[in-house]
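The shown structure was predicted, so the numbers you read here are calculated from the model rather than taken from an experiment.
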Amino acid sequence: MVEQSEGSRPAGIRNREEMLRLLADQMPAIVWTTDHDLRFQSSLGGGLATLGLKPGELAGVLLTDYLKTNDPEVAAIAAHHRALQGESAEYEMHWADRTYASHLEPLRSPDGAIEGVVGIAFDVTDRERAKDSLERTLALLRSTLDSTADGILVVDENGKIVTYNMRFVVMWGIPDEIVASRDDDRALAFVLDQLVEPERFVTRTMNVYAHPRAETLDVLHFKNGRAFERFSPASRERSSHGRTRVWSFRDITDRVRADEERALSLSLLEATLESSADGLLVVDREGGIVRHNRKFVEMWRVPDNVIASRDDAKVLASVLSQLKNPDSFLRKIKELYDHPDSQSFDWLEFKDGRVFERYSQPQRVGGAIVGRVWSFRDVTDRARMEEILRRQARTFEHMFDAVVVTDMAGRIVDCNPAAEKMFGHPRETLLGKTPETLLSPAEDQQLTGKMLDAIQRIGRWAGQVRFRRRDGARGTSQTTVVPHSDEYGRTTAAIFIHRDITERKELERRLAELQGFDDTGIGRG
């Protein structure tokens, strides 16, 4: 059956087709009619060009032939049959790489009898592609949300749950039955029961809802020791209607614990620095002050306002003004900064007579040198003591008696030439040893300790001591031990004065033997 001529069709049909043609030509759509056998009678519309068709080209072609199928279950064929039964019908179909949304109505004659089908199809390919793209985007977003390390919760303007990811459920340990119920009140109650400060949680949350354009960041502490960082960005929606609020939760338990451990370590380090007997100063690679303890300030007598300024130049000027040789001080600093991996030990002499030991080593972080640590120890008293001892030792060098000087731990720190001659040991071999090295094996090996104890208690020890020379010969000395005190009256050393009475003791022994015989050479009864 071919398309009928204009004159052979009823006027009503011609009018309707004319109206449809005019309408279809203005739209990117396809309009067609079929007879009762589903044979195309007309086809028109701007959408035909997409399919490579001209208006009226399908006239006389059966729908089944065009679709190349007789399957009554095919959506287009089934919809046309429903229209022939007097129903309105809709369907979508993919054709020629396009997607069409179609609407069908029964085509009725002026007397109301159904004589065919009239249909209109719109090309919705772009819409479907956009829909597919949106679905893929949403799927990707859902996948991203479910794979993120943060728990995500989205609520509406009334605080009702809109959506969430699985990480949120896992982090909060919400039971499956509460999740399945979607009961916001039960979920909130479960959440609040875990927190240390549930009231603060609620107050902060309500304040956020009252100020939707403000972002918020806080930390939630749990009864079991966990900690979550809670963040919600400002809402970008202009209207309050349908406005949502996104909450993200990050488990920072390990970080909080690490921060607490670091704070404890820093506190311990601070206490250690402040309790040290040494003055400590830490500088960076450029010599800028990073840290110091109070002992450093006290030892160097740096004014509080200078140290508080953290002005390196002012602190250095304050230090240099006190030294006997500031140029040497600066040279050593420059030398170490030129060789940052070097260590250093030297002495600093002050104009007022004080003496400091100065020690320095590089500060490393992860193997990299980031600065330098300086430590200063006031050894003024020790230096004075050693100088006094050296003076006394020079005096002792001219004494006939053997003089040995020990510290209070019993180690020999000096001796005079008479002691070298009496005991047969060079001075160098005695330094650092104890007086027991000189005693006879028959002597009490705890004697030195008893001597030092006596000078601490009563200020003196005296007695005869058996000794052994380096060559093995034995002798006896009349020994006196007296303390050496510093200017504050503290005992800092012990002085052992030995007078060799070996010959005298031998004469006394022989005299005693002689007194035991008469002039006949026969011992007295």
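In terms of modelled atom types and a separation under 3.5 Å, the side chain of T203 and the main chain of R200 share no donor-acceptor contact. Between the S342 side chain and the H339 main chain, a donor and an acceptor come within less than 3.5 Å of each other. Remark: side-chain polar atoms of N165 are paired, donor with acceptor, to backbone N or O of D150 under 3.5 angstrom. Remark: the backbone N or O of M299 is paired with a side-chain donor or acceptor of R354 at under 3.5 angstrom. The main-chain N or O of K314 is never found under 3.5 Å from a side-chain atom of S318 such that the two would form a donor-acceptor pair. Side-chain atoms of S232 come within 3.5 Å of backbone atoms of V246 as a donor-acceptor pair (strictly under, hydrogens ignored). Looking only at distances, a side-chain donor or acceptor of T253 sits under 3.5 Å from a matching main-chain atom of A227. For N293 (side chain) and D278 (main-chain N/O), a donor-acceptor pair under 3.5 Å exists by modelled atom type. Here the side chain of S375 pairs no donor or acceptor atom with the backbone of L280 at under 3.5 angstrom. Counting only distance, with no hydrogens or angles, the side chain of D111 and the backbone of A113 share a donor-acceptor pair below 3.5 Å.
A heavy-atom distance below 4.5 Å is found between the side chains of L107 and Q41. Between D352 and Q322, every side-chain heavy-atom pair lies at or beyond the 4.5 Å cut-off. Looking at Y91 and V74, their side chains never come closer than 4.5 Å, going by heavy atoms from C-beta outward. Two residues are said to be in side-chain contact when any heavy atoms from C-beta on lie closer than 4.5 Å; W95 and L67 meet this criterion. Residues S43 and L53 form no side-chain contact, since every pair of their non-hydrogen atoms from C-beta on lies 4.5 Å or further apart. Looking at F231 and T216, their side chains never come closer than 4.5 Å, going by heavy atoms from C-beta outward. Between I120 and E105, every side-chain heavy-atom pair lies at or beyond the 4.5 Å cut-off. Taking 4.5 Å as the limit, some side-chain heavy atom of I307 sits within range of a side-chain heavy atom of V297.
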- Task: Go through the steps to decide whether E349 and N325 satisfy the test side chain to side chain contact (heavy atoms under 4.5 Å, CB included), and finish with yes or no.
- Result: CA-CA 7 Å; E349 292 186 84; N325 194 343; over 6 Å; no
- Start with the C-alpha distance between I114 and R108, add both sets of side-chain angles, then the distance that settles side chain to side chain contact (heavy atoms under 4.5 Å, CB included), and finish with yes or no. CA-CA 4 Å; I114 296 175; R108 299 177 184 274; 3.6 Å; yes
- Derivation and outcome, side chain to side chain contact (heavy atoms under 4.5 Å, CB included), residues V155 and D184: CA-CA 10 Å; V155 297; D184 298 331; over 6 Å; no
- Message: For R98 and T50: C-alpha separation, side-chain torsions, deciding distance, then whether side-chain hydrogen bond (donor to acceptor under 3.5 Å, both in side chains) applies.
- Response: CA-CA 9 Å; R98 310 296 292 178; T50 305; 5.8 Å; no
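Pairing each heavy atom of A83 with each of L104, the nearest pair is CB-CB, 4.2 Å. Looking at every heavy atom in both residues, E87 comes nearest to P106 through O-CD, 3.6 Å. The shortest non-hydrogen separation linking V379 to W347 is CG2-CZ3, 3.7 Å. Taking every heavy atom of both residues into account, Q363 and V283 meet most closely at OE1-O, 4.4 Å. The shortest non-hydrogen separation linking A187 to I161 is CB-CD1, 4.5 Å. Considering every non-hydrogen atom in both P362 and P340, the closest pair reads CB-O, 3.2 Å.
Classification of the W172-F228 ring pair by plane angle, with boundaries at 30° and 60°, yields perpendicular. Under the 30°/60° scheme for interplanar angles, the aromatic rings of W300 and F350 are found to be tilted. Note on ring orientation: taking the six-membered ring where Trp is involved, the planes of Y66 and F40 are perpendicular (angle over 60°, cut-offs 30° and 60°).
Within the model, atoms CH2 of W32 and CG of L48 stand 10.0 Å from one another, a figure rounded to the nearest 0.5 Å. Considering CG of D338 and CD1 of I333, their distance stands at 12.0 Å, rounded to 0.5 Å. The distance from the CG atom of L62 to the CG atom of L38 is 8.0 Å, given to the nearest 0.5 Å. Between atom CZ of residue R226 and atom CE of residue M171 there is a gap of 7.5 Å, rounded to the nearest 0.5 Å. Put simply, CD1 on I252 and CG on D259 are 8.0 Å apart, with the number rounded to the nearest 0.5 Å. Summarising the geometry, atom CZ belonging to R255 is positioned 4.5 Å from atom CD belonging to E229; distances are rounded to the nearest 0.5 Å.
In this structure, R285 does not pair ionically with D341, as no charged nitrogen and carboxylate oxygen lie closer than 4.0 Å. A salt bridge is absent between D37 and R39: the closest approach of a Lys/Arg side-chain nitrogen to an acidic carboxylate oxygen does not fall below 4.0 angstrom. D327 has no carboxylate O lying under 4.0 Å from a charged side-chain N of R331, or vice versa, which leaves the two without a salt bridge. With respect to the salt-bridge test (charged N to carboxylate O, under 4.0 angstrom), the residues K160 and D156 do not qualify.
For the pair R127 and F122, the cation does not sit on the ring face, since its NZ or CZ is not both under 6.0 Å from the ring centre and inside 45° of the axis.
Between W374 and F296, a ring centre-to-centre spacing not shorter than 6.0 Å is recorded. If you look at Y164 and W247, their ring centroids are not closer than 6.0 Å.
At a cut-off of 3.5 Å, with distance as the only test, no side-chain donor of T205 or R245 sits close to an acceptor on the other residue.
Around atom NZ of K223, more than 12 heavy atoms belonging to other residues, nucleotides or ligands sit under 6.0 Å away. Dense packing is recorded around CD of E177, with more than 12 heavy atoms of other residues, nucleotides or ligands lying under 6.0 Å away.
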